[in-house]
2 protein chains.
Amino acid sequence: MGIDAADVESNWARAAARLAACGIRVTDQRLQIASILLGEPQHLSAEQIAEALRRDGARVSKATVYNTLNLFAARGLIRQLTLDGSCAWFDSNVAPHYHFQDEQTGALSDVALRDVQFSRLPAPPPGMEVASIDLVIRLRRRG
Amino acid sequence: MGIDAADVESNWARAAARLAACGIRVTDQRLQIASILLGEPQHLSAEQIAEALRRDGARVSKATVYNTLNLFAARGLIRQLTLDGSCAWFDSNVAPHYHFQDEQTGALSDVALRDVQFSRLPAPPPGMEVASIDLVIRLRRRG
DNA sequence: ATGGCTGCAAATAGTTTGCAATGAG
DNA sequence: CTCATTGCAAACTATTTGCAGCCAT
């Protein structure tokens, strides 16, 4: 039970529609990257995306991978995460949410907004308001 | 009402004591960096520390700045923060706490542990436990 | 004395940019 | 046809590392 041609095609078509909806001109490279990333909620680095492209036989330069991811992020199609200085992560889930991160492996998973509730939060300094809240729950193997 | 020689000396002595307490061999460069960073709770980048050293007339190579900060962090004297990919921040407050960050300026300030309370947190995946929680509240000018 | 520090410069990793060639509308 | 997009390589930034000489113990 694999992925058949119809799946690929609808995945492609959906990606194309989303690009068009954001006013992003549709090209082969952008479609390939969109269909890798936007299919399901996931967290990928630029390097992982480049690798997936190579695996699919696509020839996309690293510069184009970065340019495309930055464009997608600027248009709100994806969200860029910084978890440690090593590299940027691109999150296909743009709805507000938080993250778990496995300390050992670095693996990320989503935490739904409703699974975190604050009974107390500090008042922002005068003249400021909260723009967003980033929450990362680091996990270790229980011992 | 400036900083007089006695202040500098006691700051130095305090820094030397803290290094020794962590089993870190005391050297001029380490003392200089420690007395810049450990005097009060603050968040500095490696570049800002290098600049402060130059301003004080100290000659410390950038490599030594990094090596020293990494050593301090490994010994628990300071904590390294990653807020965006641009650079690492070194926090002299090692007690558990959270942060405000001004979106415009990037400026950081501490949020005390007691000013944040969770009434709901997600259960960690099976076999995992929470190692730590990183919380960054991004602020924008109210408008 | 001796082993840990330091400075310098070179290496590294991730990301961005300049520019000529290509492709979409 | 015209301007946006791409690929390549070079540039850049933050950080790390190798190594010869220096310094704390």
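Letters go in sequence order (proteins before strands), and every chain restarts at 1.
OP1 or OP2 of dT6(C) has at least one side-chain nitrogen or oxygen of R30(B) nearer than 4.0 Å. Distances shown here put a side-chain N or O of T27(A) below 4.0 Å from the OP1 or OP2 atom of dT6(D). For the OP1/OP2 pair of dG23(C) and a distance below 4.0 Å, the side-chain nitrogens and oxygens of Q29(A) include no atom meeting the criterion.
The interatomic distance linking Q32(A) (CD) with dT6(D) (P) rounds to 11 Å, in whole Å. With rounding to whole Å, D28(A) atom CG is found 14 Å from dT5(D) atom P. With rounding to whole Å, I33(B) atom CD1 is found 11 Å from dT6(C) atom C1'. At whole-Å resolution of the value, CD in E47(B) and C1' in dT16(D) are 16 Å apart.
F90(B) and Q80(B) get closest at one heavy-atom pair: CZ-NE2, 3.6 Å. Across all their heavy atoms, Y98(B) and A112(B) have their closest contact at CD1-O, 4.4 Å. When all heavy atoms of Q42(A) and L37(A) are compared, the pair lying nearest together is NE2-O, 3.2 Å. Heavy atoms only, all atoms of each residue included: G143(A) and E129(B) are closest at N-OE2, 4.0 Å. Of all heavy-atom pairs spanning L77(A) and R18(A), the tightest one is CD2-NH2, 3.5 Å.
When atom types are taken as modelled, the side chain of Q48(A) and the backbone of S45(A) share a donor-acceptor pair closer than 3.5 angstrom.
Within 4.0 Å (heavy atoms only), S86(A) reaches sugar-phosphate atoms of the nucleic acid but no base atom.
The stretch residues 53-75 of chain A touches DNA chain C through K62(A), A63(A), Y66(A), N67(A), N70(A), each having a heavy atom under 4.0 angstrom from the strand. Residues of residues 76-85 of chain B that place a heavy atom closer than 4.0 Å to DNA chain C do not occur.
Using a cutoff of 4.0 Å between basic side-chain nitrogens and carboxylate oxygens, E51(B) and K62(B) are not scored as salt-bridged. Between E40(A) and R14(A), no side-chain nitrogen of the basic residue sits less than 4.0 Å from a carboxylate oxygen of the acidic one, so the salt-bridge criterion is not met.
Ring orientation note: the planes of H97(A) and H43(A) are tilted relative to one another, at an angle of 30° to 60°.
Comparing atom distances between the C87(A) side chain and each of dA14(D), dG3(C), dG14(C) picks out dG14(C) as nearest.
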